[in-house]
2 protein chains.
Amino acid sequence: MATKTAAARRAKARQEFNSYFADCPSRKLLDRISDKWVALILSSLGEADGPMRFSQLHRHIAGVSQKMLTQTLRNLEGDGLVTRTVTPTVPVTVHYALTPLGESLLEVIKPLKAWADTHIEQIEAARAAS
Amino acid sequence: MATKTAAARRAKARQEFNSYFADCPSRKLLDRISDKWVALILSSLGEADGPMRFSQLHRHIAGVSQKMLTQTLRNLEGDGLVTRTVTPTVPVTVHYALTPLGESLLEVIKPLKAWADTHIEQIEAARAAS
DNA sequence: GGTGCCTACTTACCAACAGTGACTAATGCC
DNA sequence: GGCATTAGTCACTGTTGGTAAGTAGGCACC
């Protein structure tokens with residue numbers, strides 16, 4: 001009861017902001033895109049000129065756990081960014097490929113990777129200087 | 001000693017991949033860029049046509065905790081993407097502004113936001129269909 | 001003919017990270 | 001004098017991601 005003024009106002013403001021936030025789906029999508037592994041997976045799928053198998057992705061990305069790879073791929077599949085096709089061969093084979101939507105996202109992620117490649121030196125210089 | 005074959009091979013492979021990973025700084029930078037709040041902070045600073053105060057950013061971004069805002073801003077400052085200027089006024093005032101490097105990153109993040117805005121409907125349709 | 005392996009996962013557990021709310025400094029306003 | 005402000009920090013808590021082991025089911029090898 002002591003701090004009814006500022007704290008209450010701040011809490012109310014946060015509530016309003018949060019509902020505004022929930023109404024803004026592009027923010028949620030941005031969150032999804034900036035998921036740790038999404039960019040790597042899409043890039044891997046884009047570099048290959050065809051569908052990739054689960055184990056190929058796992059080897060190529062090199063830091064991802066099976067759990068997160070599965071999880072992220074399922075998310076991407078649910079969002080319609082990749083397709084998942086199971087072939088019931090001797091050991092089961094699963095292929096992942098980009099959908100056109102996924103390819104369009106890749107086109108906008110590529111510049112980001114390019115930026116990272118070209119500006120990494122400046123960043124490291126800044127880190128060293130700080 | 002029982003499982004020396006496949007498990008050992010896999011472990012060794014992972015080791016090699018991890019060291020390769022550590023040698024690839026653009027991946028680390030990509031991780032940094034795809035940090036949950038980095039895109040939001042840079043966008044906010046870019047939308048305003050001048051430096052922003054800590055509380056302005058906090059209000060504008062609307063889901064970020066003070067802790068994460070501070071932490072992310074310190075990271076960005078260390079990477080040379082934003083500047084932090086403290087003015088010792090009555091209640092201390094801190095302004096954050098984009099550096100040229102930060103602005104160049106913003107230029108490549110903007111298309112990402114634009115993509116999110118234009119394709120959100122397709123994503124939501126895919127999510128509903130799955 | 002039984003042991004063990006392959007793929008593509010799933011699950012249990014654990015550590016690290018992100019969020020929450022309270023607390024701080026110095027000072028101006030009522 | 002007490003409360004509010006700004007820009008944080010701190011301790012606690014919950015969620016998230018990593019690790020490693022287990023699972024299915026057929027085949028190859030000894």
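Lettering follows sequence order; numbering is per chain, from 1. Predicted model, so just to flag it, every value in this text is computed and none were measured.
- Within the 4.0 Å cut-off from OP1 or OP2 of C/dC9, at least one side-chain nitrogen or oxygen of A/Arg84 is found.
- One N or O on the side chain of A/Gln56 and one on the backbone of A/Arg53 form a donor-acceptor pair closer than 3.5 Å.
- Distance A/Leu73 CG to C/dC9 P: 8 Å, rounded to the nearest Å.
- The side chain of B/Arg59 places no N or O atom within less than 4.0 Å of a non-bridging phosphate oxygen (OP1 or OP2) of D/dA7.
- In this structure, A/Leu73 CG and A/Tyr96 OH are separated by 5.0 Å, a value rounded to the nearest 0.5 Å.
- Within the structure, every side-chain polar atom (N or O) of B/Tyr96 is placed at least 4.0 Å from both OP1 and OP2 of D/dT6.
- In this structure, B/Leu42 CG and B/Glu47 CD are separated by 11.5 Å, a value rounded to the nearest 0.5 Å.
- For the OP1/OP2 pair of D/dA7 and a distance below 4.0 Å, the side-chain nitrogens and oxygens of B/Arg53 include at least one atom meeting the criterion.
- With values rounded to the nearest 0.5 angstrom, A/Ile61 atom CD1 is found 7.5 Å from A/Leu45 atom CG.
- Within 4.0 Å (heavy atoms only), A/Thr93 reaches sugar-phosphate atoms of the nucleic acid but no base atom.
- A straight line from NE2 of B/His58 to C1' of D/dG8 spans 11 Å, rounded to a whole angstrom.
- Ring geometry for A/His58 against A/Phe54 counts as tilted: the plane angle lies between 30° and 60°, on a 0 to 90° scale.
- Without hydrogens or angle criteria, B/Thr89 side chain to B/Pro91 main chain gives a donor-acceptor distance under 3.5 Å.
- In this entry the distance linking CD of A/Gln66 with P of C/dT10 reads 11 Å, nearest Å.
- Considering only side-chain N and O atoms, B/Arg74 lies under 4.0 angstrom from the phosphate OP1 or OP2 of D/dT9.
- Note: CZ (A/Phe54) to C1' (C/dT10) measures 11 Å, nearest angstrom.
- Ionic pairing of A/Lys28 and B/Glu124 is not present here: no N-O contact between side-chain nitrogen and carboxylate oxygen is shorter than 4.0 angstrom.
- Atom NE2 in B/His60 sits about 16 Å away from atom P in D/dA7, given to the nearest Å.
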Are any protein N/O atoms closer than 3.5 Å to N/O atoms in nucleotides 12-18 of chain D? If there are, list each pair with its distance.
{"residue": "D/dG18", "atom": "N7", "partner": "A/Lys67", "partner atom": "NZ", "Å": "2.9"}
{"residue": "D/dG18", "atom": "O6", "partner": "A/Lys67", "partner atom": "NZ", "Å": "2.5"}

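- The side chain of B/Thr70 approaches D/dG8 more closely than any other nucleotide in the set C/dC6, C/dA8, D/dG8.
- Taking atom NE2 on A/His95 and atom P on C/dA8, their separation rounds to 8 Å, with Å as the unit.
- Atom CD in B/Glu77 sits about 14 Å away from atom C1' in D/dG8, given to the nearest Å.
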